[in-house]
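Heads up, the thing below is written out as C-alpha cells.
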Protein chains: 2
Amino acid sequence: MVAEARNTANGDERPTLSSSRPTLRDVAELAGLSVTQTSRALNGHSDVANDSRLRAEQAAQELGYVPNLAARRLKDPGSGTQTIGVTLTSTTQRFSDPFLGDLLSAMVDEVSCHGFEMHLFSPTADEEPVAALERSVRHKRADGYVLLRLESDDQRVSFLSDAHVPFVTLGRPQTKGSYRRVVGAEDSLDSAVSHLVDLGHQRVGAIALPPGYAISDRRLIHFTKALERHDLTADESLITMADSFQEDGGRTAMEKLLGHRQPPTAVIGFNDQLAIGALAALSSRGLDVPGDISVIGFDDVSLARFITPTLTTLRQPVDRLGQLLIQQLLAAIDDPESDHEVVVKPELMIRESTGPRPTAATAN
Amino acid sequence: MVAEARNTANGDERPTLSSSRPTLRDVAELAGLSVTQTSRALNGHSDVANDSRLRAEQAAQELGYVPNLAARRLKDPGSGTQTIGVTLTSTTQRFSDPFLGDLLSAMVDEVSCHGFEMHLFSPTADEEPVAALERSVRHKRADGYVLLRLESDDQRVSFLSDAHVPFVTLGRPQTKGSYRRVVGAEDSLDSAVSHLVDLGHQRVGAIALPPGYAISDRRLIHFTKALERHDLTADESLITMADSFQEDGGRTAMEKLLGHRQPPTAVIGFNDQLAIGALAALSSRGLDVPGDISVIGFDDVSLARFITPTLTTLRQPVDRLGQLLIQQLLAAIDDPESDHEVVVKPELMIRESTGPRPTAATAN
DNA sequence: TAAAGTGTCCGAAACGTTTCGGAACAGGAT
DNA sequence: ATCCTGTTCCGAAACGTTTCGGACACTTTA
C-alpha cells in the first residue's frame with residue numbers, strides 16, 4: 001500500500017528521476033521502511049530483517065542511489081575518505097623520471113583495485129615541501145599518504161608522525177619514528193660491483209644522486225661498502241655528485257670524471273637517467289662503450305633495453321614497488337601505530353654496456 | 001550577557017580547545033558574534049560591519065579555524081570540490097610515456113597554483129574506461145575532468161557531455177559536442193616532411209600510433225597531407241601502425257619497414273618512444289643513422305637530446321600544454337557550456353638523426 | 001510624525017547521513 | 001498475569017555550515 005501511494009505520487013513510469021540525486025529518504029519510501037532502517041540495511045547492520053534488507057537493497061538499486069559522501073563524513077568524521085594522497089617534494093622533481101611515472105601508474109592501479117582514489121599534489125613554487133601536505137591533512141583530504149623522493153631529514157615524516165596520520169615511504173629516511181616503508185635491499189649495488197670486478201675492472205667510479213635525499217646517501221653508502229667488500233680502494237675522487245636526477249646531470253658528472261687524471265674504467269650511475277647522460281657524454285667524446293669504459297645504471301626503465309648500447313642496470317620491480325607501497329599504506333590506515341619495513345631486492349640485468357676492462361687503460 | 005553565560009558555561013581559561021577541530025561556533029563565541037555573522041564575515045559578504053569582520057577573522061586565526069568541507073558541501077552542493085580529475089584510458093596506457101609524465105607534472109603545478117587539487121584515477125582491469133569516470137562523477141569527486149589519450153570515438157566525451165560535467169581534452173575526438181580542447185597545430189608534420197624533402201628524401205615512411213586513438217588518426221591525416229603538399233606519392237605500404245605507444249612497438253614497426261622491397265630513406269615516428277624503438281631496430285641491423293636512413297620523432301621528451309644520435313623531433317611544449325589544459329578546464333568550470341579550441345604549434349628541433357638522402361639508396 | 005531606506009545583526013531551518021535510546025511485539029519461562 | 005529475552009523497528013538528535021527571512025536601530029525623506 002505504501003508502495004502504491006508512492007507510485008501515484010511520483011507519476012507512473014519513472015521513480016523521481018527529476019532533478020538531483022535520490023536520497024536515503026527516497027529509498028526508504030520506495031522500500032516502505034524508515035530512513036533509519038534503510039541506512040542500517042544498506043550498511044549491513046545486524047538488527048534488520050532479511051526481508052527488509054532485500055527490499056532496501058532493491059529500492060536503492062532501482063533508484064540508482066549513491067550515498068552522499070559529504071553527509072556521511074559530516075556525521076561520522078572517522079569514516080575516512082577512501083582516498084590516499086601522493087605528494088611530490090618540489091615542482092622541479094617530477095615525473096620526467098620514467099621510473100617515477102611507472103611507479104605512479106602502478107600505484108594508481110593498485111589504489112583502484114582497493115576501491116580507493118588517489119589524490120596528487122605538489123607544493124606551489126613558493127611553498128615549503130611540507131606546506132602542501134599540511135593543507136591536505138588539515139582539510140582531511142586523504143586517509144593516508146605516500147611519500148616519494150624522501151629528503152635525508154624529511155620534515156614531512158616528522159609532521160605526519162606528530163599528527164598521527166598514516167603514511168608510507170619509499171626509502172628510509174634518517175628521521176626516527178614508527179611507520180611503514182618500502183626499501184631497496186642493502187646489498188643491491190654489490191652485484192653490480194661484483195659484475196664489474198669479474199670483468200677485470202679495478203677503478204670503478206660512481207655518478208651519485210644529488211645530495212640531500214635519503215636515497216642518495218643510502219646508495220652511496222652501499223656503493224662504498226661494495227667496493228670494500230671486493231678489496232677495491234674507495235677513491236673519493238671517482239665519485240661525483242650529479243646536480244640533478246636527469247640526463248644532463250649525468251652528462252656533466254661524466255665529463256668531470258673524464259677530466260680525472262686517471263679516469264675510471266667503469267662507472268655506475270645511481271639511476272638510469274644519469275647513466276644515459278653519461279653515455280651521451282662518452283659518445284660525444286668518441287669513446288666506445290663498453291670498449292673504452294663500462295656503464296651501469298639503476299632502475300631499469302623501459303628505455304634501457306632500447307638505447308645503443310643497451311644498458312646494464314639494476315632492475316627495480318616497479319610494479320611490485322607500487323603495489324607494496326599501497327598495500328602497506330592501507331595496512332597502516334587500519335593499524336595506525338604500526339612499524340614495518342618491506343625489502344625489495346633489485347636484480348642485475350646484464351646487457352651490452354658492460355664489458356671487459358680495456359687492456360690499454362688510459363683512455364682520452 | 002550572552003558572552004558571560006558562555007564563559008561560565010565553558011570554564012574559565014580556554015575556549016574549548018579540548019579535542020577536535022574548532023568549529024564556526026567556537027569562532028563566533030570568541031568573537032562575540034552569532035554563527036551567522038561569523039560565517040558571513042569569513043566569506044566576505046557585504047552586510048557585516050568592518051569591526052565585526054576584523055574580530056571574526058582574528059578569532060578564526062587565533063583558533064586555527066579551518067572550515068569543514070564536508071559540512072559546506074552538504075549545505076551547498078554547488079560549492080564545488082576545488083578538485084579536478086585526471087583519468088587514464090586503461091591500465092596499460094600509462095605514464096611510462098615520459099611525455100605523459102611531464103604533462104602530468106605540469107598539470108599538477110598549474111592546479112596547485114589555482115588552489116585546486118588533483119584527483120587521479122584509472123579503471124580497474126575489468127572495467128570499461130568510462131566506468132571509473134562514472135564513479136568519480138557520481139560521487140561528485142571533482143569539479144571537472146581532463147581527458148588524456150582520447151580514443152577516436154571516446155565514450156567519456158559523450159558521457160561527460162550528456163551529464164553536463166565540465167571537461168577538457170588533449171586532442172580532438174570525432175565525437176561532436178561543445179567543450180574545450182587543446183590540440184596540436186594542423187600543419188605540424190609539414191615542417192618535418194619539408195625538412196626531409198630539403199635533404200633530398202623522396203621515400204618517407206611513418207610509424208603511426210596504434211589505431212583507435214584520436215591522435216593516431218589526426219597525425220596520420222596530416223602526414224599524408226604533408227606528403228601531398230610536397231608532391232610525394234603517399235605510398236600506403238610505407239606507413240606502419242605500431243602495436244603500442246612504446247619502444248617495442250617502434251622496433252617491430254621499423255623491422256617491418258626494413259622488410260619492404262624498397263625501404264624508405266627516412267622515417268617519422270609519431271612519438272619519440274616509437275622513434276627510439278626504430279633507432280634500436282636500425283642499430284641492431286648495423287644501419288647508420290642518418291647515414292643510411294633518417295629518423296624523426298614527435299614530442300621532444302628530455303631524452304631525445306641524450307641518445308646517440310640525438311633525435312630530430314617535433315617539440316611539443318609540454319609545460320605549456322599542461323598549463324593550457326588546466327586553464328581551459330577552470331574556464332569551463334566557470335562557464336560550463338562553452339566551446340573553445342586552443343591550438344599549440346609544435347616546433348621542429350633539428351638534431352643528428354636526420355641527414356641527406358644516401359646516394360646508393362638501396363640499403364640492406 | 002509617519003514612512004521609507006540603510007546598515008547591521010541574528011534565529012531557525014536546511015543539507016543527507018548515522019546513531020542513540022527506546023518502543024513494539026512475539027514467545028517462553030516464571 | 002508478570003517478567004524477561006530477543007528481534008525488529010523507528011523518532012529524534014546530531015554533525016558544521018550556509019542562507020532565508022525578519023528584526024532592530026538609525027537616518028533620511030515626505
Side-chain angles (χ1 to χ4, degrees), chain A residues 2 16 19-57 59-60 63-82 138-141, chain B residues 1-3 5-6 15-16 18-57 59-60 63-82 138-141:
Chain A
V2 179
T16 315
S19 55
S20 63
R21 286 157 36 159
T23 149
L24 200 54
R25 223 175 67 92
D26 301 326
V27 180
E29 278 173 11
L30 180 55
L33 287 172
S34 74
V35 175
T36 302
Q37 278 311 87
T38 315
S39 171
R40 300 182 72 82
L42 262 32
N43 289 350
H45 284 235
S46 58
D47 66 343
V48 34
N50 264 333
D51 170 59
S52 304
R53 162 161 304 139
L54 216 66
R55 285 214 312 282
E57 279 167 357
L63 260 46
Y65 168 72
V66 181
N68 180 319
L69 273 73
R72 180 176 287 175
R73 287 189 57 204
L74 177 58
K75 177 60 180 135
D76 173 19
S79 69
T81 60
Q82 299 287 99
R138 270 214 313 270
H139 287 311
K140 289 231 174 70
R141 293 269 196 180
Chain B
M1 53 193 86
V2 178
R6 191 243 341 150
T16 315
S18 60
S19 53
S20 63
R21 285 160 32 162
T23 149
L24 200 55
R25 222 175 68 92
D26 301 327
V27 180
E29 279 173 6
L30 180 55
L33 288 171
S34 75
V35 175
T36 303
Q37 277 313 86
T38 314
S39 171
R40 301 183 73 82
L42 262 32
N43 290 349
H45 284 237
S46 57
D47 67 342
V48 33
N50 263 333
D51 170 58
S52 304
R53 162 161 303 139
L54 217 66
R55 286 215 310 284
E57 278 167 358
L63 261 46
Y65 169 72
V66 181
N68 181 321
L69 273 72
R72 179 175 290 176
R73 286 190 55 202
L74 176 58
K75 177 59 179 122
D76 173 19
S79 70
T81 61
Q82 300 286 98
R138 271 214 313 271
H139 287 302
K140 289 236 175 70
R141 292 271 198 180

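None of the values given here were measured: they were computed from a predicted structure.
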Worksheet item: Got a sec, which residues hit side chain to side chain contact (heavy atoms under 4.5 Å, CB included) with Val48(B), two or more places apart in sequence or on another chain?
Response: Gln37(B), Ala41(B), Ser52(B), Arg53(B)
Item to complete: Five pairs at each end of the helix from dT1(C)-dA30(D) to dT30(C)-dA1(D): take the axis at both ends and give me the angle between them to 10°.
Response: 70°
Worksheet item: Do Asp26(A) and Tyr65(A) come close enough that some side-chain heavy atom pair is under 4.5 Å?
Response: no
Worksheet entry | Interatomic distance where NE2 belongs to His139(B) and C1' belongs to dG16(C) [whole Å] | 15 Å
Worksheet, complete the sentence: In whole angstroms, the gap separating C1' of dC9(D) from CZ of Arg55(A) amounts to 12 Å
Worksheet item: Side-chain contact, heavy-atom cut-off 4.5 Å: Thr81(B) with Arg141(B)?
Response: no
Item to complete: Specify the residues of residues 35-47 of chain A, ordered by number, for which at least one heavy atom lies under 4.0 angstrom from an atom of DNA chain D.
Response: Thr36(A), Gln37(A), Asp47(A)
Discussion item. For a 4.5 angstrom cut-off between non-hydrogen side-chain atoms, does Thr23(A) reach Val35(A)?
Written reply: no
Worksheet item: In chain order, what residues pass the side chain to side chain donor-acceptor pair (under 3.5 Å) check against Asp51(A), with sequence neighbours excluded?
Response: Arg55(A)
Worksheet, complete the sentence: Here the residues of residues 65-76 of chain B within 4.0 Å heavy-atom distance, strictly under, of DNA chain C are Leu74(B), Lys75(B)
Discussion item. If the cut-off is 4.0 Å, is Ser52(A) near the phosphate of dC9(D), judged by side-chain N/O to OP1 or OP2?
Written reply: yes
Discussion item. If we ignore hydrogens and angles and just use 3.5 Å, is the side chain of Arg21(A) paired with the main-chain N or O of Arg138(B) as donor and acceptor?
Written reply: yes
Discussion item. Just so I know, are the side chains of Arg73(A) and Lys140(A) near enough to count as touching, which here means a heavy-atom distance under 4.5 Å?
Written reply: yes
Worksheet item: Do the side chains of Glu57(A) and Thr38(A) get nearer than 4.5 Å, heavy atoms only?
Response: no
Fill in: Asp51(A) CG to dC9(D) P, straight-line distance once rounded to whole Å
8 Å
Item to complete: With DNA chain D as reference, determine whether Leu33(A) or Thr23(B) sits nearer its 5' end, using the nearest nucleotide of each.
Response: Leu33(A)
Discussion item. For His45(B), give me all partners under side chain to side chain donor-acceptor pair (under 3.5 Å), at least two apart in sequence or on another chain.
Written reply: Arg40(B)
Worksheet entry | Nearest-0.5 Å distance, CD of residue Glu29(B) to CG of residue Leu63(B) | 10.0 Å
Worksheet item: Are there more than 12 heavy atoms of other residues, nucleotides or ligands under 6.0 Å from atom CG of Asn50(A)?
Response: no
Fill in: Nucleotide dC10(C), atom P - distance to CG of Leu24(B) in whole Å
12 Å
